[in-house]
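One structure is given below, encoded as structure tokens.
Numbering of ligands and ligand atoms starts at 1, following listing order. In what follows, every heavy atom counts, from backbone to side chain, and hydrogens, waters and symmetry copies are set aside.
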Amino acid sequence: MTEKKQTAQSLNIRAAKAIADTVRSTLGPAGMDKMMVDGGGNVIVTNDGATILQQLDITHPGAKMIVEAANTQETMCYDGTTTTTILAGELLANTQELFNKGLHPNVVCKGYRQAAKWAVEHINGITVEDIEPYLREVARTAITGKALESNEEQVSALCVEAVNRAKGDIKRISVVCQPGGSLEDSYCFSGKILNQTFMMSSMKNEPTPQVVLINSGLSKKEDSVQVNVSNVGDYKSYQEYANKDIWQEKVEKIANLLPKGGVVFCRDSVNELVAALLSKNNISVAQRVPPSDMEAMAILLGTTVAHSVEDLNGADPAGKVLQFTMGDMQYISIEDVHGGENTVTTLVLRGATRQTLDETERGFDDALGVVCLAFNSERIVRGGGSSYMNAALNLRSRAAEIGGRAQMAIEAFANALESIPATIAQNAGHDPLDTILELRNEHLQGNFDYGPDIYNGGTISMEGANVWEPYELVKQAIQSASEVSISILRIDDIIGRKSED
Ligand code: ADP
Ligand code: MG
């Protein structure tokens, strides 16, 4: 290999390792938090790998590829980003020795590709398919070590409740965070909660009011007609004339659709006069409702969002619609009356401060995501790095099958897999080498669910410790980490190019 090629490769590897080292100390339930500060002094305190990587100011292309792999992990599995990053860093770090021994990058890539395939196949064979009794454990595993941990019983129960209600569809679960109160005041609401107020509230709290959703606004478009007026009286009468002309029809149409009053949710802004006219008909209006909230309400009501007033052809009944105050914010809640197919659930999170609440929300996102993942894929494995450990044992026993020098790469892959339980143990203050040696022994004896005992040191059954995670998460972590490492190893030169514009 030429010197230039070696330099490009080792620079990429070094950058990837640096990224892995940044998040290493946050892995596992005893992982530490990172305080991230930007130029303006804004602070985030987090333990979440995805958040740390998103916030890092990264310029090196090799490092960016690792961050991309972690992003894929986050998008597909909602969790496991730190694991993916550490695994990729370790896979690349281990190549250095292979290169020193004279292995060509292509041989290493071949070995890594085979090892990833075998590892995933092996872990597939140690999954549990009856997930129902373990969903809470899956949620708990995702949140241990996060800010939520002190309320893990309640948090995992809330997550499982929300996922069960939404039948595993994460799009039907939304989270509303409001500072003030404590985490124990959090609850799972059956329906949708919007961070909104009604314009001129004429709410009568009907038990099942009629609701319409409009994907536009009820305000005057800027028309290009120029009107010259010479005094205030003329202007006022023109305005009255224009407003009346444009709005009367629309107000009448809505009022006809909602004869007993009701609620209109609009995507865009609504003219005050229109709101006042509708309010006379006992109709409340909420304006500038975000598209995602409109969509969630459409699912909840089992209807579609009308493009404009002209497209409206009926109203839909909703459960109680209520405007209420929580902390210092106004909210509107729409209860779910349909249940079944249209279930939409909102988790209302309370917490002392905005900062703790942000971290709480990130923890909830991870936990909700992994519970949905387990719910949908119906496969889970024991956590704590035990599945990686067991796959490593299997890889070593099969390394010779591939023949030639590639078997050395298989062994390097096995070592990288072991870094997951090793790091979990190290972050809990225990010796990583002793833990790995002990774990190898346990796994050799058939104790395939053994992982690090983070509380007492040594090793322990992960099934006994109720540590479970979705199989998909482990599979994706191994695949993303090996793919990104292979991509990086295949790069032999970094060349400047014209910028895209
Ligand atoms: P990631 O970003 O990869 O999800 P985390 O910091 O959330 O990183 O750590 C996840 C790892 O911690 C998983 O391998 C999980 O199985 C492990 N883990 C969670 N709880 C325990 C526990 N009580 N004992 C040992 N390992 C645990
Ligand atoms: Mg996690």
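- Using a 4.0 angstrom heavy-atom cutoff, Ala465 does not count as in contact with ligand 1.
- Using a 4.0 Å cut-off between a side-chain N of Lys or Arg and a carboxylate O of Asp or Glu, Glu153 and Arg140 qualify as a salt bridge.
- Residue-ligand proximity: Gly80 is placed with a non-hydrogen atom under 4.0 Å from ligand 1.
- Here Thr83 has heavy atoms under 4.0 Å from ligand 1 in both its backbone and its side chain.
- The Mg ion (ligand 2) has an N, O or S atom of Asp79 closer than 2.8 Å.
- At least one N or O atom of Gly384 sits closer than 3.5 Å to an N or O atom of ligand 1.
- The contact set between ligand 1 and Glu469, taken as ligand atoms under 4.0 Å from a residue heavy atom, comprises 13 (C), 14 (O), 15 (C), 16 (O).
- Contact check on Lys101 versus Glu97 returns a salt bridge, with a Lys/Arg side-chain nitrogen under 4.0 Å from an Asp/Glu carboxylate oxygen.
- Considering backbone and side-chain atoms alike, Tyr455 places every N or O at 3.5 Å or more from each N or O of ligand 1.
- Taking each heavy atom of Ala298 and Val305 in turn, the nearest pair found is CB-CG2, 3.9 Å.
- The proximity of Thr141 to ligand 1, defined as any non-hydrogen pair under 4.0 Å, involves the side chain as well as the backbone.
- Interface of Asp79 with ligand 1, defined as ligand atoms under 4.0 Å from a residue heavy atom, comprises 1 (P), 2 (O), 4 (O).
- Contact annotation: Gly28 has at least one heavy atom less than 4.0 Å from an atom of ligand 1.
- Aromatic ring pairs are classed by plane angle as parallel below 30°, tilted from 30° to 60° and perpendicular above 60°; the pair Phe413 and Tyr112 is perpendicular.
- Of the candidates Ser25, Pro432, Pro452, Gln426 forms a side-chain contact (heavy atoms from CB on, under 4.5 Å) with just one, namely Pro432.
- The pair Glu90-Lys17 does not meet the salt-bridge criterion, since no charged nitrogen lies less than 4.0 angstrom from a carboxylate oxygen.
- Residue-ligand proximity, Gly383 to ligand 1, at heavy-atom distances under 4.0 Å covers atoms 16 (O).
- Contact between Leu135 and Ala374 at its shortest, heavy atoms only, is CD2-CB, 4.0 Å.
- For the pair Glu161 and Arg136, the salt-bridge criterion is not met [side-chain N within less than 4.0 Å of a carboxylate O].
- For ligand 1, the atoms closer than 4.0 angstrom to any heavy atom of Leu27 are 3 (O), 6 (O), 8 (O), 9 (O).
- Contact annotation: for Thr26 versus ligand 1, heavy atoms closer than 4.0 Å belong to the backbone alone.
- Cation-pi contact between Arg398 and Trp118: present, with separation from the ring centre below 6.0 Å and deviation from the ring axis of at most 45°.
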